[in-house]
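First the structure, in the form of structure tokens, and then the observations on it.
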Amino acid sequence: VVRFGGQLFKGQAAWRDLWRDPDLRLATLVVMGTIPTVILGLFFKPLADRLFSSTALVGAMLLITGLLLWSTRWIKRPGHGIGQTSGRQALLIGLVQGLAILPGISRSGATIVTGLWAGLDRATATRFSFILSLPAIVGATILVAADAIGTPEAAVSLPAMAAGMLAAGGVGYLALRFLVYMVQRSRLFLFAPYCWLLGIVTLLKFYKRGRKVKWSKGRRVQGLPASGTGQKVEGLPAPGTGCCYFLTFRPFDFGLCLLP
């Protein structure tokens with residue numbers, strides 16, 4: 001980018017040459033793909049944080065991830081390299097990466113599959129997926145670090161942090177090498193049964209817990225006063241003026257107050 005900027009300033013290059021240089025084209029496509037990721041990440045981050053507590057959603061998204069991976073069995077065309085990759089394809093892959101904030105959706109799996117269906121070859125789809133993740137990971141790390149400043153979780157010793165980073169880096173490198181190996185040999189669909197099995201188990205667990213539904217009157221829940229204490233809670237009727245019922249639908253509790 002710096003070299004191209006210097007050539008552009010000296011009149012040795014034109015803007016149309018931006019797409020002719022493979023490295024500059026890749027950098028431009030990464031920037032274009034990052035735009036929808038940033039938009040979705042910033043606007044839907046509060047919603048995504050709440051969705052992580054939904055066991056049913058995690059199970060459903062794992063099933064969808066399995067379907068995406070299994071669909072690669074029907075991709076027979078060879079695909080093209082970064083030189084033929086368009087900005088529209090980069091935006092599409094970036095959009096899918098932004099949707100991967102949903103729990104249970106594999107970011108790497110979804111972006112690689114999208115790249116393959118968009119016409120990229122296996123090596124280019126894998127490479128673009130990995131490079132496209134770097135701005136998103138750095139940005140997410142900055143946001144999380146900014147939110148963690150001043151919290152008890154931020155008081156982590158440097159040796160512990162360094163050990164965690166080394167462990168994560170080593171495992172991530174090995175996992176990436178294995179993923180590249182599977183993609184290059186058209187074996188990405190082999191991850192689908194694992195996603196389906198985990199998704200079914202998760203949904204069954206949610207269904208089993210969700211069957212425990214009961215109404216209870218006057219039951220004490222966290223954050224509410226016990227019956228007979230006379231303590232008034234903001235937004236709830238004063239003792240003796242109404243009745244509160246609590247619906248237990250594990251793992252959630254819902255409160256309902258009835259006024260006389």
Quiz prompt | Whether over 12 other heavy atoms sit under 6.0 Å from Arg177 CZ | solution =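 Check fails, neighbour count at 12 or below.
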Side chain to side chain, [X] and [Y], heavy atoms closer than 4.5 Å:
| X | Y | answer |
| --- | --- | --- |
| Leu120 | His80 | yes |
| Ile112 | Leu179 | yes |
| Leu63 | Trp196 | yes |
| Ile93 | Ser129 | no |

Quiz prompt | Residue pair Gln97 / Thr37, side-chain donor-acceptor N/O under 3.5 Å | solution =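 Short answer, yes.
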Between [atom1] of [X] and [atom2] of [Y], what distance do you get to the nearest 0.5 Å?
| X | Y | atom1 | atom2 | answer |
| --- | --- | --- | --- | --- |
| Thr85 | Leu29 | OG1 | CG | 6.0 Å |
| Leu203 | Leu57 | CG | CG | 9.5 Å |
| Met182 | Phe189 | CE | CZ | 8.0 Å |
| Ile39 | Thr34 | CD1 | OG1 | 11.0 Å |
| Ser106 | Met61 | OG | CE | 13.5 Å |
| Leu197 | Thr202 | CG | OG1 | 9.0 Å |

Please find the pair of heavy atoms, one from [X] and one from [Y], that lie closest to each other, and give the distance.
| X | Y | result |
| --- | --- | --- |
| Met32 | Ala90 | CB-CB, 4.5 Å |
| Ala110 | Thr114 | O-OG1, 2.7 Å |
| Leu95 | Pro36 | N-CG, 3.6 Å |
| Ala118 | Gln89 | O-NE2, 2.7 Å |

Do [X] and [Y] share a hydrophobic cluster, counting only Ile, Leu, Val, Met, Phe, Trp and Tyr and linking them when any side-chain heavy atoms are less than 4.5 Å apart?
| X | Y | answer |
| --- | --- | --- |
| Val31 | Leu92 | no |
| Trp70 | Leu116 | yes |
| Leu67 | Leu198 | no |
| Leu102 | Leu40 | yes |
| Ile105 | Phe43 | yes |

Practice problem: Anything under 30° is parallel, anything over 60° is perpendicular, the rest tilted; go ahead and classify Phe178 against Phe191. | Solution: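 Judged by the thresholds at 30° and 60°, the geometry between Phe178 and Phe191 is perpendicular.
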Self-check item: Full working for side chain to side chain contact (heavy atoms under 4.5 Å, CB included) between Leu188 and Val113
Solution: CA-CA 9 Å; Leu188 192 60; Val113 171; 3.9 Å; yes
Quiz prompt | Leu26 and its side chain to side chain contact (heavy atoms under 4.5 Å, CB included) partner, picked from Leu24, Thr28, Val30 | solution =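 Testing each of Leu24, Thr28, Val30 against Leu26, the sole residue satisfying side chain to side chain contact (heavy atoms under 4.5 Å, CB included) is Val30.
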Exercise. Without swapping roles, check the side chain of Arg122 against the backbone of Gln184 for a donor-acceptor pair under 3.5 Å.
Key: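 No, because the side chain of Arg122 does not come within donor-acceptor range (under 3.5 Å) of the backbone of Gln184.
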